[in-house]
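Report on the following structure.
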Amino acid sequence: MRKHTLIRRNVIRVGLAIKSAVLVLILLTLQACSAPQTYRSLTIDGSSAASTEQSVQRIVRSMPQSQQAEFLLALVKIQVQSGQQQAAALLHSDSAMKHVNYQFLGQQTHGLTYLQVIEQAKRLQ
């Protein structure tokens with residue numbers, strides 16, 4: 001009888017240990033599913049200017065400050081490259097001047113002549 005009681009207690013202990021392990025695994029799985037994404041896995045929603053701005057800001061806020069400058073510089077490089085491709089395409093259309101950001105352009109070229117603009121552009125390359 002005593003042996004039977006010991007076996008029963010051990011079975012109960014093993015059963016409780018298995019239930020506890022399963023519960024822990026379920027909790028860890030749920031926590032992993034609800035954990036916020038890291039900046040490395042967040043994506044940019046480029047479907048509109050507003051969504052692009054919001055998603056870039058979300059990524060920047062989630063990353064370490066030491067990584068932010070590199071990320072923002074990479075975005076600027078992508079934008080400049082894209083702008084150069086768009087500018088090349090616009091040169092062959094009648095609407096080229098409609099796509100110029102005159103506010104930004106004015107800040108960069110205020111008081112310059114044609115030749116000075118050409119020279120400044122050469123220095124940028």
Side-chain angles (χ1 to χ4, degrees):
M1 219 28 149
R2 193 169 194 177
K3 186 176 182 182
H4 185 273
T5 305
L6 288 174
I7 292 173
R8 188 167 187 233
R9 284 184 186 166
N10 285 338
V11 169
I12 291 172
R13 285 182 187 156
V14 169
L16 287 175
I18 291 173
K19 285 180 185 178
S20 296
V22 169
L23 182 61
V24 167
L25 287 174
I26 290 172
L27 289 174
L28 287 173
T29 303
L30 289 174
Q31 183 181 11
C33 291
S34 65
Q37 292 181 301
T38 67
Y39 70 95
R40 294 178 189 272
S41 62
L42 292 171
T43 59
I44 296 173
D45 177 2
S47 60
S48 71
S51 65
T52 302
E53 180 180 1
Q54 290 169 354
S55 57
V56 166
Q57 288 176 353
R58 185 180 69 236
I59 292 170
V60 170
R61 282 193 308 267
S62 71
M63 65 181 15
Q65 204 167 21
S66 62
Q67 298 283 325
Q68 291 176 4
E70 179 183 23
F71 177 67
L72 294 172
L73 183 59
L75 289 176
V76 169
K77 285 181 179 180
I78 291 168
Q79 183 179 6
V80 167
Q81 175 64 28
S82 176
Q84 289 172 345
Q85 292 170 351
Q86 289 175 359
L90 285 172
L91 290 176
H92 302 291
S93 75
D94 294 333
S95 63
M97 297 310 290
K98 292 179 185 177
H99 299 281
V100 173
N101 180 340
Y102 287 103
Q103 177 69 34
F104 177 75
L105 185 63
Q107 293 170 357
Q108 305 303 313
T109 60
H110 179 72
L112 298 182
T113 66
Y114 161 80
L115 290 175
Q116 290 169 324
V117 168
I118 300 299
E119 287 302 315
Q120 182 173 343
K122 286 180 183 177
R123 288 192 300 268
L124 295 175
Q125 293 176 355

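Note that the numbering runs from 1 along the sequence shown for the chain.
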Open item on the list: I want to check something: taking the side chain as every heavy atom from C-beta on, are L75 and L72 in contact at a cut-off of under 4.5 Å?
Closed with: yes

Task: Beyond-backbone contact of Q57 with E53, side-chain heavy atoms, under 4.5 angstrom - done: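 Heavy-atom side-chain distance check passes, below 4.5 Å.
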
Open item on the list: For a quick test of reading the model, state the closest non-hydrogen atom pair linking V60 to Q68 and the distance between them.
Closed with: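 Minimum heavy-atom separation between V60 and Q68: O-NE2, 3.0 Å.
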
Task: Non-hydrogen atoms of S47 and T52 that approach each other most closely - done: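 Distance-wise, the nearest heavy atoms are N-OG1, 4.4 Å.
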
Task: Heavy atoms of other groups near E70 CD, more than 12 under 6.0 Å - done: no

Task: S51 side-chain N/O to G46 backbone N/O, donor-acceptor pair under 3.5 Å - done: no

TODO: Determine yes or no for a side-chain-to-main-chain donor-acceptor pair under 3.5 angstrom, with R40 supplying the side chain and M63 the backbone.
DONE: no

Task: Distance in Å, R61 CZ paired with L42 CG, rounded so as to fall on 0.5 Å steps - done: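 If we round to the nearest 0.5 Å, R61:CZ and L42:CG are 10.0 Å apart.
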
Task: Spatial distance of atom CD (Q54) from atom CG (D45) [nearest 0.5 Å] - done: 8.5 Å

